[in-house]
Engineer: 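Here it is, the structure, as structure tokens.
Naming convention: chains lettered A, B, ... in sequence-line order (proteins, then strands); numbering from 1 in each chain. Keep in mind that the numbers below use all heavy atoms, side chains included, and drop hydrogens, waters and symmetry copies.
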Amino acid sequence: MSSAGLFRAMEPSYRFDTIESDVQRRWADADAFRVVADDREKFYCLSMFPYPSGKLHMGHVRNYTIGDVISRYHRMCGRNVLQPMGWDAFGLPAENAAIKNGVPPAQWTRENIAAMRGQLKQLGFAYDWSREIATCDPDYYRWEQWLFTKLFEQGLVYRRESVVNWDPVDQTVLANEQVVDGRGWRSGAIVEQRAIPQWFARITDYADELLDDLDGLDGWPDAVKTMQANWIGRSTGLEIDFDVAGQDTPLTVYTTRPDTLHGVTYMALAADHPLVAAAADTDAELAAFCEECRRAGTAEAGLETRDKKGYRLPIEAVHPLSGARLPIFVANFVLMGYGTGAVMSVPGHDQRDWEFATAYDLPIVPVIADAEGNTPDISSAAAVEKGVLINSGEDDGKTFEQAFGDIADRLEARGTARRKTQYRLRDWGLSRQRYWGAPIPIIHCDDCGPVAVPESDLPVVLPENVTPEGAGSPLPDMPEFVNCTCPQCGRDARRETDTFDTFMESSWYFARFTCPDADSMIDDRAHYWMPVDQYVGGIEHAILHLLYARFFQKLMRDVGLARADEPFKALLTQGMVLKDGAKMSKSKGNTVDPQALIETYGADTVRLFSMFAAPPDQSLEWSESGVEGAHRFLNRLWRLVATHVDNGLVAPATGAEGEAAAELRRKTHETIAKVGDDVGRRHTFNTAIAAVMELANAIGRVEETCDAETQAVRQESLEAIIKMLAPIAPHICDALWRALGHDTLVMAEAWPVAEAAAQVRESITLVVQVNGKVRARIDVPADADRDTVARTAVEDVNVARHIDGQPIKKTIVVPGKLVNLVV
RNA sequence: GCCCGGGUGGCGGAACUGGUAGACGCGUCGGACUCAAAAUCCGAUUCUGGUGACAGAGUGCGAGUUCGAGUCUCGCCCCGGGCACCA
């Protein structure tokens with residue numbers, strides 16, 4: 001409880017620099033953010049850890065402020081809050097920087113980490129730094145190597161050939177990002193597609209669970225769940241064998257629309273399909289076409305947008321129902337990696353098939369009626385809606401479901417088709433031909449094949465005193481790394497030189513944070529903290545990172561380490577930070593350095609602006625004058641408290657009799673109710689701040705020289721404001737909390753509780769509409785019944801003018817909101 | 001191309017479950033304080049007409065449902081995210 005005895009004279013102006021360093025020192029002295037499991041309700045709040053690119057950008061500031069506000073709010077609500085931070089330290093930029101500056105990636109990365117850690121501390125985020133993780137630390141990545149070897153034993157990882165972007169000049173593999181218009185970004189050479197052996201994880205084995213468990217993720221945005229569901233893309237269809245004239249092996253396709261089988265007029269194959277390879281041996285033109293298809297790359301966007309091209313093969317397929325001969329094409333939009341690498345083409349009812357058929361003058365047969373039951377118009381586009389079958393012989397008149405069932409039954413009886421559930425999701429390629437990543441713990445032996453590195457030999461440590469100079473990973477050229485002996489037979493062998501996809505590290509760090517010093521991948525402490533209660537990060541991670549992390553959680557569960565089925569109970573996807581309507585990027589030259597802002601305005605201002613400018617899930621438009629506005633508000637708040645303190649500290653009010661005091665008290669408790677809901681449930685920090693600003697404005701309007709009761713209510717209001725703003729602007733609030741006569745840290749205070757009694761209103765204002773247009777506002781008692789409200793409404797002069805003596809046909813009363821009179 | 005978002009004053013945004021469009025902040029204009037400026041404080045500020053009370057229009061475009069639509073439905077346009085080796 002406050003008392004005049006604790007009065008300290010306040011600095012008349014807001015000195016953010018001394019306040020922020022002073023408050024941060026107090027937190028450090030109290031070791032305020034270190035947590036261990038106890039018997040309180042836990043709350044694990046996690047923001048996506050950053051790639052240590054050099055310094056923080058505004059996207060980081062926004063992301064981490066959101067997480068910090070949620071963490072501090074839950075802490076004030078009495079929960080045991082874990083909020084850790086670490087570094088997603090492997091990745092391509094470190095290698096690019098090494099080539100450019102001649103600095104080893106390890107050194108570059110660790111220097112960046114040190115710089116960014118300093119910035120995070122300056123921003124005052126409430127992290128338990130004792131749990132800090134850097135994924136390039138062998139003590140971290142050894143455990144994903146360990147898990148990989150377990151999965152290898154179980155057959156959940158496997159090796160197969162897969163294509164990569166090959167730069168023939170730099171003699172290196174390129175990321176998709178490094179391929180610009182089909183050319184290598186550095187060399188400018190035309191990029192080739194090369195098949196090389198690579199490691200894959202069988203995420204498709206978990207496709208059903210990954211899809212079905214989305215239903216239980218109530219705390220996730222529907223948009224993200226929909227994106228993941230579409231990505232997994234479970235479909236039920238039919239795998240159909242088409243005989244190839246003159247050959248023994250049939251051509252197998254998968255289709256989700258067997259009802260359109262009667263409309264198949266040709267077949268399309270991937271360039272890498274075995275049937276094509278055979279034909280290409282004797283046809284140079286075909287071989288050239290296949291080469292062109294391969295060069296075009298495998299990115300789905302390119303696949304779907306490029307001009308549809310084909311090459312007719314000298315063989316024909318046999319329609320399984322009609323026996324008709326169907327031409328077979330190689331097509332540049334069919335990929336061997338998807339389904340069977342072959343599709344049956346129904347140009348009447350598939351738009352892509354329609355475009356191809358039109359270009360190559362192939363027959364287009366409508367076999368599905370339109371909504372009116374007529375032959376559909378397919379002159380300018382395919383008719384893709386489902387409907388009743390026509391031109392389909394014995395299947396005419398059937399619905400989609402009937403036709404699917406009947407055709408599947410007939411073909412299955414003949415042994416030429418099988419019902420099949422298929423996924424769009426493909427297995428996860430884990431191999432990267434790069435240096436700066438976690439080594440894949442495999443040893444290649446001429447006799448034993450690929451052998452997992454034994455647990456006792458883990459980790460396989462990445463040599464760090466290395467500076468790549470371009471032209472790919474230096475690891476294959478390092479005999480001291482490559483040469484080893486086979487763990488099975490003891491003969492000379494070669495170490496795998498590919499490293500892991502960096503999504504590996506980010507797929508389990510959330511679990512490691514619960515027990516960063518565990519001498520296993522994770523230990524029992526994970527059972528207390530997991531799952532993450534609130535995960536915060538960019539919407540750009542909606543699919544890949546979040547899907548891989550969910551997959552890893554299930555893998556860790558199935559090897560007996562974890563209990564939770566899902567890693568993230570609730571997810572908040574943050575929007576982008578824009579300037580002049582575009583994403584901030586170095587190439588556009590429209591970046592804003594948060595460091596300069598912190599120095600000019602202080603961390604609290606930067607945090608306040610980030611939270612005020614937009615709701616967290618929407619993009620945020622950068623505004624320098626908006627930052628000044630946020631700073632101005634903190635100044636105003638400082639003066640408001642200083643003026644109040646000058647009048648003498650009092651105990652906060654617990655009730656009020658006078659009209660002005662009761663009014664301010666009602667506003668205070670209405671604001672507490674709104675801000676608690678905005679911060680705790682809706683995560684709309686912008687509206688929470690607006691509400692606090694309104695309350696501050698209301699306090700400012702109250703006469704400065706006032707009675708003891710009003711002074712007490714003002715004390716109550718200011719204390720509420722400071723507690724509610726403490727998660728957002730923690731430094732200034734801590735200083736103001738002390739100025740108001742307290743010795744505690746404001747972050748240790750309980751979140752304010754809204755009193756229902758203080759919010760009671762005697763009369764309310766209703767809107768009166770005539771035929772849906774607002775014509776007046778009326779004051780009625782809060783408990784007025786419908787008749788009273790309706791009677792008061794028609795008595796209004798302006799309302800009466802618009803009714804103009806006409807009979808009222810209908811009166812709609814929405815309690816507490818409006819009256820609509822229909823005449 | 002496909003999947004997922006978004007579009008509201010001069011600007012960022014608010015309107016949560018179909019019920020007062022524009023809270024809060026920025027900017028601008030006017031005023032107070034000052035020798036003056038900065039800072040601060042007060043007032044005005046969607047557009048059009050009107051001294052005014054008030055009236056009309058208005059949430060990307062075009063239809064529709066409803067007593068009532070920024071919100072729901074259908075069809076478009078534009079912007080952003082993702083598309084499997086950027087993280």
Engineer: Show every side chain to side chain donor-acceptor pair (under 3.5 Å) that has at least one partner inside residues 217-229 of chain A, sequence neighbours left out.
Structural biologist: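 For residues 217-229 of chain A: A:Gln228-A:Arg550.
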Engineer: Please give the distance between the C1' atoms of B:A14 and B:C61 as a whole number of Å.
Structural biologist: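 Going atom to atom, C1' in each nucleotide, I get 24 Å.
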Engineer: What integer number of Å spans the P atoms of B:U71 and B:U65?
Structural biologist: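 B:U71 and B:U65 have their P atoms separated by 15 Å.
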Engineer: For RNA chain B, which ranges pair as stems of 3 or more consecutive Watson-Crick or G-U pairs, with both donor-acceptor distances under 3.5 Å?
Structural biologist: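 The stems that RNA chain B takes part in, listed by first number, are B:1-7 with B:77-83, B:10-12 with B:24-26, B:27-32 with B:40-45, B:46-49 with B:54-57, B:60-64 with B:72-76.
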Engineer: Syn or anti for B:G9, with syn set at within 90° of 0?
Structural biologist: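 B:G9: syn glycosidic orientation.
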Engineer: How would you label the contact of A:Ala613 with the nucleic acid (heavy atoms, under 4.0 Å): base, sugar-phosphate, or nothing?
Structural biologist: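 The answer is sugar-phosphate, as A:Ala613 gets under 4.0 Å only of primed atoms, P, OP1 or OP2.
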Engineer: What contact category does A:Arg424 fall into here, base, sugar-phosphate, or nothing, at under 4.0 angstrom with non-hydrogen atoms?
Structural biologist: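 It contacts base atoms.
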Engineer: Over 60° means perpendicular and under 30° means parallel, so tell me whether A:Phe90 and A:Tyr141 are parallel, tilted or perpendicular.
Structural biologist: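 Correct class here is tilted.
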Engineer: What residues from residues 50-64 of chain A pass a heavy-atom cutoff of under 4.0 Å to RNA chain B?
Structural biologist: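 Within this stretch, A:Tyr51 sit under 4.0 Å of the strand.
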Engineer: Using a heavy-atom cut-off of 4.0 Å across all strands, would you classify A:Phe503 as base, sugar-phosphate, or nothing?
Structural biologist: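 Here A:Phe503 touches the bases of the nucleic acid.
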Engineer: Name the first nucleotide and the last nucleotide along RNA chain B (5' to 3') that come under 4.0 Å of a heavy atom in chain A.
Structural biologist: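 The contacted stretch runs from B:G1 to B:A87.
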Engineer: Select from A:Val173 and A:Asp617 the residue whose nearest nucleotide in RNA chain B is closer to the 5' end of that strand.
Structural biologist: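 Comparing both residues, the 5'-ward one is A:Asp617.
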Engineer: So what does A:Val774 hit on the nucleic acid, given a heavy-atom distance under 4.0 Å: a base, only sugar-phosphate, or nothing?
Structural biologist: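 It contacts sugar-phosphate atoms only.
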Engineer: How far does the P atom of B:C24 sit from the matching atom of B:G60, given to the nearest Å?
Structural biologist: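 The answer is 23 Å between these two P atoms.
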Engineer: When the P atoms of B:A39 and B:G50 are compared, how many Å lie between them, rounded to an integer?
Structural biologist: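 These two P atoms come out 37 Å apart once rounded.
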Engineer: Given the P atoms of B:C4 and B:C76, what is the spacing between them in whole Å?
Structural biologist: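 Their P atoms lie roughly 15 Å apart.
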Engineer: Pick base, sugar-phosphate or nothing for A:Asn798, based on heavy-atom distances below 4.0 Å to the nucleic acid.
Structural biologist: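 Since only primed, P, OP1 and OP2 atoms lie under 4.0 Å of A:Asn798, the category is sugar-phosphate.
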Engineer: Could you tell me how the ring of A:Phe200 sits relative to the ring of A:Tyr158: parallel (under 30°), tilted (30 to 60°) or perpendicular (over 60°)?
Structural biologist: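 Parallel, since the angle between the ring planes stays under 30°.
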Engineer: A:His631 vs A:Tyr601 aromatic rings, parallel, tilted or perpendicular, using cut-offs 30° and 60°?
Structural biologist: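 Judged by the thresholds at 30° and 60°, the geometry between A:His631 and A:Tyr601 is perpendicular.
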Engineer: With sequence neighbours left out, what residues match A:Val343 under side chain to side chain contact (heavy atoms under 4.5 Å, CB included)?
Structural biologist: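 Counting only residues at least two positions away or on another chain, A:Val343 forms a side chain to side chain contact (heavy atoms under 4.5 Å, CB included) with A:Ala268, A:Val334, A:Ser345.
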Engineer: Checking all strands, does A:Val822 fall into the base, sugar-phosphate, or nothing category for heavy-atom contacts under 4.0 angstrom?
Structural biologist: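 Sugar-phosphate: the residue A:Val822, judged by heavy atoms under 4.0 Å, touches backbone atoms but no base.
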Engineer: Taking atom C1' in both B:G27 and B:G12, compute the distance separating them and give it to the nearest angstrom.
Structural biologist: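 Straight-line distance between the two C1' atoms is 11 Å.
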Engineer: Using a 4.0 Å heavy-atom cut-off across all strands, classify A:Leu92 as base, sugar-phosphate, or nothing.
Structural biologist: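 Result for A:Leu92 = sugar-phosphate.
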Engineer: Which part of the nucleic acid does A:Ile543 contact within heavy-atom distance under 4.0 Å: base, sugar-phosphate only, or nothing?
Structural biologist: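 If one applies the 4.0 Å heavy-atom cut-off, A:Ile543 turns out to touch the sugar-phosphate alone, with no base involved.
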Engineer: Which pairs would a plain distance check flag for residues 537-544 of chain A, meaning a side-chain donor or acceptor within less than 3.5 Å of a matching protein atom at least two apart in sequence or in another chain?
Structural biologist:
none

Engineer: Contact class for A:Asn697 vs. all strands (heavy atom < 4.0 Å): base, sugar-phosphate, or nothing?
Structural biologist: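 If one applies the 4.0 Å heavy-atom cut-off, A:Asn697 turns out to touch the sugar-phosphate alone, with no base involved.
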Engineer: Are A:Arg62 and A:Met58 side-chain neighbours, meaning at least one heavy-atom pair lies under 4.5 Å?
Structural biologist: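 Heavy-atom side-chain distance check fails, nothing below 4.5 Å.
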Engineer: What residues form a side chain to side chain contact (heavy atoms under 4.5 Å, CB included) with A:Ser431, not counting sequence neighbours?
Structural biologist: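 For A:Ser431, the residues satisfying side chain to side chain contact (heavy atoms under 4.5 Å, CB included) (neighbours in sequence not counted) are A:Gln198, A:Trp199, A:Gln433, A:Ile440, A:Asp498.
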Engineer: Could you work out, with side-chain hydrogen bond (donor to acceptor under 3.5 Å, both in side chains) as the rule, every residue matching A:Trp508, not counting sequence neighbours?
Structural biologist: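 Scan of A:Trp508 (side-chain hydrogen bond (donor to acceptor under 3.5 Å, both in side chains), adjacent residues dropped) gives A:Tyr140, A:Glu144.
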Engineer: Which part of the nucleic acid does A:Gln769 contact within heavy-atom distance under 4.0 Å: base, sugar-phosphate only, or nothing?
Structural biologist: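 Base contact.
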Engineer: Looking only at atom C1', what distance separates B:C47 and B:A38, rounded to whole Å?
Structural biologist: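 Approximately 35 Å lies between the C1' atom of B:C47 and that of B:A38.
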Engineer: With sequence neighbours left out, what residues match A:Arg777 under side chain to side chain contact (heavy atoms under 4.5 Å, CB included)?
Structural biologist: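 Once residues adjacent in sequence are excluded, the partners of A:Arg777 under the side chain to side chain contact (heavy atoms under 4.5 Å, CB included) criterion are A:Thr765, A:Val767, A:Val774.
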Engineer: Within the structure shown, what part of the strands sits under 4.0 Å from A:His545 by heavy-atom distance: base, sugar-phosphate, or nothing?
Structural biologist: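 The residue A:His545 makes no contact with any strand.
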Engineer: A:Ala223 or A:Leu425: which one's nearest nucleotide on RNA chain B is closer to the 5' end?
Structural biologist: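 Closer to the 5' end of RNA chain B: A:Ala223.
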Engineer: For residues 85-97 of chain A, pull every pair meeting side chain to side chain donor-acceptor pair (under 3.5 Å), keeping only residues two or more places apart or in separate chains.
Structural biologist: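 Sorted result for residues 85-97 of chain A: A:Trp87-A:Glu132, A:Asn96-A:Arg186.
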Engineer: Please list all pairs passing the side chain to side chain donor-acceptor pair (under 3.5 Å) test where one or both residues lie in residues 607-620 of chain A, with sequence neighbours left out.
Structural biologist: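 The answer is A:Asp68-A:Arg607.
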Engineer: Base, sugar-phosphate or nothing for A:Asn686? Non-hydrogen atoms, less than 4.0 Å.
Structural biologist: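 Here A:Asn686 touches the backbone only, sparing every base.
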Engineer: Going by the rule side chain to side chain contact (heavy atoms under 4.5 Å, CB included), which residues pair with A:Ala688 if we only count those two or more places apart in sequence or in a different chain?
Structural biologist: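 Partners of A:Ala688 under the side chain to side chain contact (heavy atoms under 4.5 Å, CB included) test: A:Val675, A:Asp678, A:Val679.
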Engineer: Answer with base, sugar-phosphate or nothing: what part of the nucleic acid does A:Gln433 contact at a heavy-atom distance below 4.0 Å?
Structural biologist: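 Base: the residue A:Gln433, judged by heavy atoms under 4.0 Å, touches a nucleobase.
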Engineer: Base, sugar-phosphate or nothing for A:Ala691? Non-hydrogen atoms, less than 4.0 Å.
Structural biologist: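 No contact at all - A:Ala691 keeps every heavy atom at 4.0 Å or more from the nucleic acid.
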Engineer: Mind checking the C1' distance from B:U46 to B:G70? Whole angstroms is fine.
Structural biologist: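 Looking at atom C1' only, B:U46 and B:G70 are 14 Å apart.
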Engineer: Decide whether A:Asp427 and A:Thr204 meet the rule of one side-chain donor and one side-chain acceptor closer than 3.5 Å.
Structural biologist: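 A donor-acceptor contact under 3.5 Å links the two side chains.
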